[in-house]
Amino acid sequence: MTPLAPKTEAELAELVASTTEPLRVMGGGTRPIGVPVNGQPLTTAKIKGIELYEPGALTMVAKAGTTVAEIEKTLAKENQRLAFEPMDHRGLLGTKGEPTIGGVFAGNISGPRRIQCGAARDFLLGVRFVDGQGQITRNGGRVMKNVTGYDVVKLMAGSYGTLGVLTEVSFKVLPDTHTTGVLLFDGLTDRDAVAALSRALGSPFEVTGAAHLPSGMDGDPVTMIRVEGTEKSVAYRLGELQKLLGKFGTGRTETDPEKTRAGWRYIQNVEPFHAVQTDVWRLSVKPSDAPGIVAQIDGADAIYDWGGGLVWLQVPQDTQGARIRAAVDAKGGHATLIRGNRAAGVFQPLAPAIATLQDGLRARFDPRGILNPGLMGQAA
């Protein structure tokens, strides 16, 4: 079905107001996460363009359909970046097209640097969107009926288009860094690796990436700790981290720009799980619990990010789903199915009180229930 592709916010509002059928809302269509929506596809990809960029104020305003590539190219000219390092899902999900900045914020898509600088939603300053009745709302402008008191910006980040269709976002950016250094340890067990990462993250040495691959590029375990800054600062902190983590062995350092970028793209975009016929889960758990949870899952391959707080888990197709949810539930974590049979449920089942609150929000923002209905349905 050919997607509806309005070119302006006004055109989008008119379309939403006049529709009588459910809408499958998307940006560039590169990130089909959630239960498949049975509805008319609607893309914001043509509502695009950078509206305002003030490098001195570290702020940018862009229409939702602006590609991430255009955003990053513009920022690079001023030696700035999207500090939250958004993941590109195309390799993992086998999709085409171009990721959009609206899609990034709608999914709260964040990468390895989240542990140091925060998530995408922490950089979002303001939004414009069209609600389920076709009304245009701007954060800080007109207050939507019956939503007084809500932090609309934070609600929109991570709502996957179920509360409103983003048309414009304003956000903070940060300066890029001069030098990146990575401290690598070979051959650590999962438990030792998470312990090392936790110690590094608890240090004063401003770690901006902390990941572990039980099977690295050469097939052996590798533990990765990243620091960024000036050349002198990076060299000092790498040395201090080496001393701090001496009990885990003698680490090696890497500062080659191409190699460090490639290594963290490997983690950021979950590249080890590309082009294979498997299910992929995203687990959010207490770092110290992560190795034990992974050990309970038969046939699992794992990538530990955020010091073990985020685990990407690869398992054979249509297997282990119930065991994964049970293991995560027992530790109070969250499990999301990113690739696999999504019809059975994708997101973590909600506690009754939270489910009631979520339903209430949707009823206020989208009383007709036409924006991505069922997309965030949970497994039973």
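Applying the side chain to side chain donor-acceptor pair (under 3.5 Å) test to Thr167 and every residue at least two apart in sequence or in another chain returns Glu9. Scored by the side chain to side chain contact (heavy atoms under 4.5 Å, CB included) test, Ile115 finds Leu201, Ala210, Trp306 as partners (sequence neighbours excluded). Among residues two or more places apart in sequence or in another chain, the side chain to side chain donor-acceptor pair (under 3.5 Å) test is passed with Glu240 by Lys243. With sequence neighbours excluded, the residues that form a salt bridge (charged side-chain N to carboxylate O under 4.0 Å, His left out) with Arg323 are Asp298. Shown here are the side chain to side chain donor-acceptor pair (under 3.5 Å) partners of Thr8, two or more places apart in sequence or in another chain: there are none. Annotation: side chain to side chain donor-acceptor pair (under 3.5 Å) contacts of Arg226 (sequence neighbours excluded): Glu85, Thr208.
A pairwise comparison of heavy atoms in Thr255 and Gly181 identifies CG2-CA, 4.0 Å as the closest pair. Pro287 and Ser198 make their closest contact through CB-OG, 4.4 Å (heavy atoms, listed as atom of the first residue, atom of the second, distance). For the residue pair Gly132 and Asp366, the shortest heavy atom distance occurs at CA-OD1, 3.4 Å. In plain terms, the two heavy atoms of Val222 and Gly216 that are nearest each other are CG1-CA, 4.1 Å. Pairing each heavy atom of Ile136 with each of Arg128, the nearest pair is CG2-NH2, 3.6 Å. The heavy-atom pair separating Val165 from Leu371 by the smallest distance is CG2-CD2, 4.0 Å.
Between Leu92 and Ile338 the shortest side-chain heavy-atom distance falls below 4.5 Å. The shortest distance between side-chain heavy atoms of Thr278 and Pro316 does not fall below 4.5 Å. Annotation: side chain of Asp301 is in contact with side chain of Phe273 (closest heavy-atom distance under 4.5 Å). Annotation: side chain of Phe129 is in contact with side chain of Phe365 (closest heavy-atom distance under 4.5 Å). Here the side chains of Val61 and Ile50 are not in contact, with every heavy-atom distance at 4.5 Å or above. By the 4.5 Å heavy-atom criterion applied to side chains, Ile71 and Phe171 are counted as neighbours. With contacts defined as side-chain heavy-atom distances shorter than 4.5 Å, the pair Gln40/Pro22 does not qualify. Ile303 places none of its side-chain heavy atoms less than 4.5 Å from the side chain of Tyr266.
Proximity of a side-chain donor or acceptor of Thr44 to a complementary backbone N or O of Ile47 within less than 3.5 Å is not detected. Remark: side-chain polar atoms of Asn372 are paired, donor with acceptor, to backbone N or O of Tyr160 under 3.5 angstrom. In this structure, Thr162 contributes its side chain and Ser159 its backbone to a donor-acceptor pair below 3.5 Å. A donor-acceptor pair under 3.5 Å is formed between the side chain of Arg325 and the backbone N or O of Ala335. Looking only at distances, a side-chain donor or acceptor of Thr43 sits under 3.5 Å from a matching main-chain atom of Gly27.
Evaluation of the side chain to side chain donor-acceptor pair (under 3.5 Å) test over residues 15-35, restricted to residues two or more places apart or in two chains, returns Arg31-His89. Sorted pairs that involve residues 189-199 and meet salt bridge (charged side-chain N to carboxylate O under 4.0 Å, His left out), not counting sequence neighbours, are lacking altogether. Within the structure, salt bridge (charged side-chain N to carboxylate O under 4.0 Å, His left out) contacts touching residues 261-290 (residues at least two apart or in different chains) are Glu258-Arg261. Under the side chain to side chain donor-acceptor pair (under 3.5 Å) criterion, the residue pairs touching residues 46-74 are Tyr53-Gln80, with sequence neighbours excluded.
When the shell of 6.0 Å around CD of Glu11 is examined, it contains more than 12 heavy atoms from other residues, nucleotides or ligands. Within 6.0 Å of NE2 in His274 there are more than 12 heavy atoms belonging to other residues, nucleotides or ligands. Other residues, nucleotides and ligands contribute at most 12 non-hydrogen atoms within 6.0 Å of the CG atom of Asn38.
Interatomic distance, CG of Leu166 versus CG of Leu12, reported as 10.5 Å (0.5 Å rounding). To the nearest 0.5 Å, the span separating OG1 on Thr180 from CG on Asp256 amounts to 10.5 Å. Here Leu184 contributes atom CG and Thr223 contributes atom OG1; the two are 8.5 Å apart, rounded to the nearest 0.5 Å. Atoms CD and OG1, on Glu228 and Thr260 in that order, are 8.5 Å from each other to the nearest 0.5 Å. Expressed to the nearest 0.5 Å, how far CD of Glu98 lies from CG of Asp88 amounts to 8.0 Å. One distance of note links CD1 of Ile370 with CG of Asp131; it measures 9.0 Å at 0.5 Å rounding.
Through direct or indirect side-chain contacts shorter than 4.5 Å among Ile, Leu, Val, Met, Phe, Trp and Tyr, Met1 is connected to no other residue.
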Under the criterion side-chain contact (heavy atoms from CB on, under 4.5 Å), I'd like the reasoning laid out for Leu313 against Val294: C-alpha separation, chi angles, the key distance, then a yes or no. CA-CA 8 Å; Leu313 203 62; Val294 173; 4.0 Å; yes
* Start with the C-alpha distance between Leu375 and Val25, add both sets of side-chain angles, then the distance that settles side-chain contact (heavy atoms from CB on, under 4.5 Å), and finish with yes or no. => CA-CA 10 Å; Leu375 179 141; Val25 181; over 6 Å; no
Set out, in order, the CA-CA distance, both residues' side-chain angles and the distance that settles side-chain hydrogen bond (donor to acceptor under 3.5 Å, both in side chains) for Glu231 and Thr179, then state yes or no. CA-CA 5 Å; Glu231 183 177 357; Thr179 303; 5.2 Å; no
*Between Thr177 and Arg81, is a side-chain contact (heavy atoms from CB on, under 4.5 Å) present by the stated rule, with each step listed?*
CA-CA 9 Å; Thr177 54; Arg81 66 184 179 185; 3.6 Å; yes
message: Determine whether Met376 and Val35 satisfy the following criterion, side-chain contact (heavy atoms from CB on, under 4.5 Å), listing intermediate values before the conclusion.
response: CA-CA 6 Å; Met376 299 188 77; Val35 176; over 6 Å; no
Pair up each side-chain donor or acceptor in residues 116-125 with any protein partner under 3.5 Å, not counting sequence neighbours, and list the distances.
unit_1, atom_1, unit_2, atom_2, d
Arg121, NH2, Ala157, O, 2.8
Asp122, OD2, Ala119, N, 2.7

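No side-chain N or O of Gln268 forms a donor-acceptor pair with one of Asp305 less than 3.5 Å apart.
Taking the six-membered ring where the residue is Trp, Phe248 and Phe185 present perpendicular rings, their angle passing 60° and hence far from 30°.
Under the 4.5 Å side-chain heavy-atom criterion for grouping Ile, Leu, Val, Met, Phe, Trp and Tyr, Leu23 is not connected to Met26 through any hydrophobic cluster. Residues Met87 and Val276 do not share a hydrophobic cluster, clusters being chains of Ile/Leu/Val/Met/Phe/Trp/Tyr side chains in contact below 4.5 Å.
Salt-bridge annotation for Glu168 and Arg138: absent, with no side-chain N of the basic residue lying under 4.0 Å from a carboxylate O of the acidic one.
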